[in-house]
There are 2 protein chains.
Amino acid sequence: MCFYTDLMFTQSEENYLKAIFHLEQEGEAGVATSNLSEQLQAKAASVTEMIKKLADKNLVDYQKYYGVRLTENGRKQALNIVRKHRLWELFLAEHLGFKWDEVHEVAEQLEHIKSEKLIDSIDKLLGYPKNDPHGDPIPDKNGNLEKKNKSLLSKCKPGDSGVIIGVKDTSSSFLQYLDKQHIAIGTKFTIQHKEPFDGLLDIDINTKQLKMSHKMAANLYVETNESSS
Amino acid sequence: MCFYTDLMFTQSEENYLKAIFHLEQEGEAGVATSNLSEQLQAKAASVTEMIKKLADKNLVDYQKYYGVRLTENGRKQALNIVRKHRLWELFLAEHLGFKWDEVHEVAEQLEHIKSEKLIDSIDKLLGYPKNDPHGDPIPDKNGNLEKKNKSLLSKCKPGDSGVIIGVKDTSSSFLQYLDKQHIAIGTKFTIQHKEPFDGLLDIDINTKQLKMSHKMAANLYVETNESSS
DNA sequence: TTAAATTATTAGGTTTGCCTAAATTTTAAT
DNA sequence: ATTAAAATTTAGGCAAACCTAATAATTTAA
């Protein structure tokens with residue numbers, strides 16, 4: 001029984017909306033079938049099929065062969081799912097002792113629970129938080145998403161200092177690697193030296209001096225007070 | 001990806017297991033297709049079909065035309081779902097301010113989330129509780145279900161006193177009616193008089209004298225110190 | 001600019017879980 | 001004991017969401 005004029009969506013539809021949203025965030029205007037196919041671990045043919053369904057429901061604009069974009073309504077729905085996902089992640093971390101590399105998988109399931117009261121209560125319990133355990137912003141109830149101007153640590157220059165505010169790669173292996181190095185959201189750093197050849201950084205972090213690979217730096221979002229130069 | 005030799009079940013399969021479990025509790029040895037059909041709001045033909053699938057997976061013993069019973073493994077799985085349902089109900093009530101008539105619907109969804117760590121954490125957070133908000137016992141991790149000897153208030157005789165320990169009907173309307181009368185789990189009572197004609201009770205409850213219909217009394221589980229008679 | 005390679009779509013299948021209608025078995029009543 | 005009623009199962013379909021294989025459009029590169 002569904003009392004809403006506002007339709008409800010299947011888990012699969014929700015996953016598509018979320019995937020399109022994330023790929024749009026990555027820059028492309030017009031998300032390609034192949035990218036969705038990869039993101040969703042489904043064959044391209046399946047993606048085309050679902051895209052058509054979403055287009056029929058006015059959740060996406062679709063032009064054959066030229067990819068897909070969220071409509072305003074589609075974006076609103078996607079943001080709501082992202083909101084739920086990130087709130088659940090934070091709940092798991094803060095109230096149930098999950099580590100930041102453990103929250104994603106379970107949140108993938110919890111995000112599909114249909115109860116406005118439930119998610120609003122979780123939001124309240126958490127104190128209307130702004131960011132999830134990976135530093136990603138949590139959309140508010142109205143779909144407003146804070147757009148912090150974050151940059152990648154790999155773009156910083158010697159002399160720059162700042163704070164880690166997020167991770168790009170959220171894989172368990174990367175997050176556990178960060179744990180091992182005691183790097184977390186909020187950790188402060190100063191760049192001492194950057195090797196021109198391979199981008200290897202000498203970086204002050206946690207009162208220690210560390211050699212950080214370019215690959216690692218390219219997966220850390222930072223907020224900097226740029227050095228005067 | 002499923003790492004368990006122990007299979008995982010679809011939501012629908014889980015709902016069937018749970019429904020069979022509940023109907024077995026109601027007494028019948030051999031749950032009828034028609035009862036499952038009613039409980040699950042599905043047509044009898046659909047039930048027969050699913051029963052066969054569960055029988056193939058050794059979750060139920062099935063004899064055509066003579067109903068279905070859980071196997072030992074089926075019972076174990078059913079208890080696990082019941083456990084999750086009741087823990088979620090209590091979590092919603094205790095940590096998110098849900099009223100006892102609001103918890104069931106959401107728990108119906110949450111019970112299907114697949115994460116042992118999640119439910120164990122909730123269990124721990126709640127302090128390994130023994131009962132859900134309706135007074136029903138919560139199976140432990142090993143599938144042990146406390147079997148309290150509860151009886152119905154409607155079976156009590158004048159002079160009996162005791163405590164409300166559970167509700168049989170868990171519909172919103174009944175639960176809200178109880179709220180209105182300030183009757184809850186733990187509420188004490190003494191029966192003053194019982195009308196032979198229609199079972200209407202004069203009952204001391206909440207320091208007030210109340211007329212309680214037989215129908216209402218037949219939906220309240222109690223623990224009594226029977227009057228010496 | 002045209003052919004080859006890549007990408008996307010269509011066509012036709014599969015599985016799950018539901019349905020209706022028809023056939024069968026059990027149960028109840030005379 | 002027989003028949004009518006009720007319950008159950010079988011048979012055949014449908015929609016969702018996936019798949020493979022074949023076809024078509026676009027892009028790239030010679």
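In the text below, chain A, chain B and the rest are named by the order of the sequence lines, each starting its count at 1.
Recorded end-axis angle for the helix from dT1(C)-dA30(D) to dT30(C)-dA1(D) stands at 10°, based on five pairs per end and rounded to 10 degrees.
Take H134(A) and apply the ring pair (Phe, Tyr, Trp, His ring centres under 6.0 Å) test, not counting sequence neighbours, and it matches no residue.
Side-chain N/O atoms of S34(A) include none lying less than 4.0 angstrom from OP1 or OP2 on dT6(C). Between Y65(B) and dA7(D), a side-chain N or O to OP1/OP2 separation shorter than 4.0 Å is absent.
Between the NZ atom of K53(A) and the C1' atom of dC18(D) there is a distance of 10 Å, given to the nearest Å. Rounded to whole angstrom, the span from the CD1 atom of I51(A) across to the P atom of dA8(C) amounts to 9 Å. dT16(C) atom C1' lies 15 Å from atom CD of E14(B), rounded to whole Å.
Considering only side-chain atoms of K64(B), the nucleotide from dA25(D), dT10(D), dC18(D) that sits closest is dT10(D). Comparing dT9(D), dA17(D), dC18(C) against the side chain of E49(A) picks out dA17(D) as the nearest. Listed candidates were dC19(C), dC18(D), dT16(C). Nearest to the side chain of Y16(A) is dC18(D). Checked against dT27(C), dA17(D), dT16(C), the side chain of T10(B) finds its nearest nucleotide in dT16(C). Of the candidate nucleotides dT27(C), dA21(D), dA8(C), dA21(D) has the atom nearest to the side chain of A45(A).
Using a 4.0 Å cut-off between charged nitrogen and carboxylate oxygen, E111(B) and R86(B) do not count as a salt-bridge pair.
Residue T48(B) is in base contact, counting any heavy-atom pair closer than 4.0 Å across all strands shown. At the heavy-atom level, S12(A) lies under 4.0 Å from the strands shown only through sugar-phosphate atoms. Looking at heavy-atom distances under 4.0 Å, A32(B) makes contact with sugar-phosphate atoms alone, never a base. Here A44(B) lies in heavy-atom contact (under 4.0 Å) with a base.
In terms of position on DNA chain D, the residue among V47(B) and Q11(A) whose nearest nucleotide sits closer to the 5' end is V47(B).
Interatomic distance, CZ of R75(B) versus CD of E24(B), reported as 7.5 Å (0.5 Å rounding).
Ring-plane geometry between F91(B) and W88(B) is classed as perpendicular, the angle between the planes exceeding 60 degrees on a 0 to 90 degree scale with a lower cut at 30.
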Q: Given ring pair (Phe, Tyr, Trp, His ring centres under 6.0 Å), test H85(B) with H104(B) step by step and report yes or no.
A: CA-CA 8 Å; H85(B) 181 95; H104(B) 181 78; 4.8 Å; yes
